[in-house]
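Structure record follows, encoded as structure tokens.
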Amino acid sequence: MTDLTSHPWFFCGIGGSGMLPLALILKSTGAQVAGSDRSRDQGRTPEKFAWLESLGFDLFPQDGTGIVSMRQTLVVSAAVEDTVPEMVRARELGCPRMTRAELLATLFNAAPTGIAVAGTSGKSTVTGMTGWILDQAGRNPTVMNGAVMKNYVGPDAPFASARVGHGGVFVSEVDESDGSIALYRPQVAVLGNVTLDHKSLEELRELFGNFLAEAQTAAINIDDAEAAALASRARHLITFAIDHPEAMISVLEETIAMGTTTLTATLIDRRDGSTHSLALAVPGRHNLANALAAIAGCSAAGVPVADAVACIATYSGLARRFDIIGTSASGITVIDDFGHNPDKIAATLATLKAHTGRIIALFQPHGYGPLRQMGHELAETFSRMQGPDDLTILCDPVYFGGTVDRSLGSESIVQLICEAGGTAEYIADRKDCATRIRTIARPGDRIVIMGARDDTLALFARDLFNSLP
């Protein structure tokens with residue numbers, strides 16, 4: 001691998017969920033890393049950028065002034081447009097450029113043991129669980145996540161979306177949305193599900209199938225029909241599932257007990273007939289599936305199932321993944337959640353519906369493009385999962401600038417929800433949504449704030465909670 005410390009690096013969008021942990025891992029190698037971010041310029045989440053500066057990152061306005069030498073390598077995400085000042089200045093100077101995925105794949109593929117976690121939904125949680133198991137099992141992994149891992153949060157690491165280890169194991173979620181999943185050469189490939197999100201199912205089948213074929217061992221969720229159909233692409237296979245009777249790693253259905261914040265079950269390893277008492281500190285059937293994925297992936301990497309089950313009991317979750325902000329004095333609970341595609345939203349609402357109380361869901365779409373890609377599926381999910389008293393509110397999609405087509409907005413999704421028999425309201429401004437929610441909320445309600453690509457949603461959820469009676 002090329003010496004990554006031989007020249008300086010510049011991250012355009014360094015505060016992004018996929019960029020920040022990568023910058024942390026790269027800096028840990030001794031590389032000189034600087035960056036810019038539109039969010040910093042707009043005054044959003046200033047504490048994040050203050051923390052990065054405290055770690056020694058040089059931060060600049062996103063105006064091109066940070067690009068000063070042709071020796072710098074510019075790192076960009078797939079979403080960065082050619083007109084962004086750093087891109088313009090880098091072209092003028094002749095700076096080399098790498099995408100976020102290309103740099104991550106370079107680091108990942110250089111590790112002796114690479115565990116890549118894929119799937120349309122749940123991969124950040126599975127990555128966090130896998131990393132925590134390996135950490136507690138003494139494997140000292142490096143973990144690259146797209147979300148803050150609560151187990152690693154502390155005063156010195158408030159945005160712990162990466163763990164830098166020195167044990168030769170690299171765990172990372174890998175992205176199919178931009179096709180970059182094809183860059184990775186994992187020893188272990190974990191596939192949780194294949195559902196509609198950024199690409200058509202035909203494209204996803206090819207991408208995920210090729211991903212499985214690259215790995216020495218694949219761990220596949222055979223409860224998911226699309227994932228199971230790709231099992232023949234694997235060289236060596238470990239299967240997991242909650243419901244499938246032939247899964248190698250599974251649970252005894254009658255033992256599953258779901259609490260509001262916990263879950264317990266008896267895990268069975270059909271390869272040797274052993275059973276293990278599994279306890280999770282994160283709720284929901286989807287998190288049980290995530291745990292089985294992590295245990296299967298760790299088993300493929302040589303961690304005994306009994307050890308993996310014991311280690312995962314202390315996994316505390318991710319920020320913005322069914323993150324319970326609190327319950328007000330009047331009995332209104334606020335939950336912050338990353339749900340943004342049909343599968344993730346359905347999982348969150350199913351977890352809420354397992355308990356009593358009206359659901360008020362505020363959904364901020366994560367862009368105008370996704371509304372065009374999966375608007376009908378989003379509307380169908382909300383209408384199908386609603387109870388008779390539940391309400392869905394949509395504000396305008398997240399938009400931080402750029403040339404994206406904004407002709408199709410949230411009001412169209414609200415119309416589709418209502419046409420399908422659901423109850424929904426369109427309120428353009430998020431602040432007005434908060435006012436509406438405060439007006440109608442009553443004891444016993446669960447208010448869930450859903451959306452991605454916007455760090456301020458977590459602050460919005462907390463502010464809303466603090467304003468409730």
Side-chain angles (χ1 to χ4, degrees), residues 115 117-123 125-126 129-130 133 188-196 201 204-205 208-209 211-213 215-259 262-280 282-313 315 342-344 346-351 353-354 384-385:
I115 303 174
V117 180
T120 314
S121 301
K123 54 182 174 285
T125 296
V126 175
M129 288 176 166
T130 302
I133 291 170
V188 177
V190 181
L191 180 58
N193 45 62
V194 180
T195 56
L196 183 69
L201 280 175
L204 293 174
R205 288 165 185 149
F208 286 126
F211 165 71
L212 296 174
Q216 294 178 9
T217 304
I220 300 177
N221 176 17
I222 58 172
D223 270 342
D224 183 89
E226 288 287 346
L230 298 174
S232 62
R233 299 293 307 277
R235 302 183 200 175
H236 301 287
L237 181 64
I238 296 177
T239 59
F240 63 91
I242 297 174
D243 298 315
H244 200 293
E246 296 179 6
M248 297 175 187
I249 296 176
S250 188
V251 292
L252 302 177
E253 177 73 28
E254 65 275 11
T255 68
I256 299 173
M258 290 188 283
T262 60
L263 187 147
T264 60
T266 297
L267 180 145
I268 180 168
D269 185 347
R270 292 194 174 94
R271 295 172 297 180
D272 61 12
S274 61
T275 57
H276 311 268
S277 296
L278 175 66
L280 302 177
V282 287
R285 196 175 179 90
H286 62 295
N287 274 322
L288 177 57
N290 291 335
L292 295 179
I295 292 166
C298 289
S299 174
V303 177
V305 167
D307 292 352
V309 170
C311 292
I312 205 170
Y315 170 76
D343 203 40
K344 289 182 173 73
T348 295
L349 295 179
T351 301
K353 286 174 69 66
R384 171 172 52 85
M385 298 299 296

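None of the values given here were measured: they were computed from a predicted structure. Excluded from the calculations below are hydrogen atoms, water molecules and symmetry mates; all remaining heavy atoms, backbone and side chain alike, are included.
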Would you name the heavy atoms of [X] and [Y] that are closest together and state the gap between them?
{"X": "Ala293", "Y": "Phe240", "answer": "CB-CZ, 3.4 Å"}
{"X": "Ser250", "Y": "Ala247", "answer": "CB-CB, 4.3 Å"}
{"X": "Val303", "Y": "Ala308", "answer": "CG1-N, 4.0 Å"}
{"X": "Gly297", "Y": "Val190", "answer": "CA-CG2, 3.9 Å"}
{"X": "Arg235", "Y": "Ala213", "answer": "NE-O, 3.2 Å"}

| field | Between Asp272 and Ser274: side-chain donor-acceptor atoms closer than 3.5 Å | value |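 Ser274 and Asp272 do have a side-chain donor-acceptor pair below 3.5 Å.
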
Where the side chain of [X] meets the backbone of [Y], is there a donor-acceptor pair that is under 3.5 Å apart?
{"X": "Thr348", "Y": "Lys344", "value": "yes"}
{"X": "Ser299", "Y": "Ile295", "value": "no"}
{"X": "Asn193", "Y": "Thr120", "value": "yes"}

| Is the closest basic N to carboxylate O distance between Arg285 and Glu253 below 4.0 Å? | yes

Decide yes or no for [X] and [Y]: does some side-chain heavy atom of the first lie under 4.5 Å from some side-chain heavy atom of the second?
{"X": "Val251", "Y": "Ile268", "value": "no"}
{"X": "Ile220", "Y": "Phe208", "value": "no"}
{"X": "Leu263", "Y": "Val282", "value": "no"}
{"X": "His276", "Y": "Thr266", "value": "no"}
{"X": "Ile133", "Y": "Asp307", "value": "no"}
{"X": "Leu191", "Y": "Asn221", "value": "no"}
{"X": "Asn290", "Y": "Lys123", "value": "no"}

| query | Checking side chain to side chain contact (heavy atoms under 4.5 Å, CB included) against His244, which of Asp223, Thr239, Asp224 comes through? | reply |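 Looking at Asp223, Thr239, Asp224, the match for His244 under the side chain to side chain contact (heavy atoms under 4.5 Å, CB included) is Asp223.
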
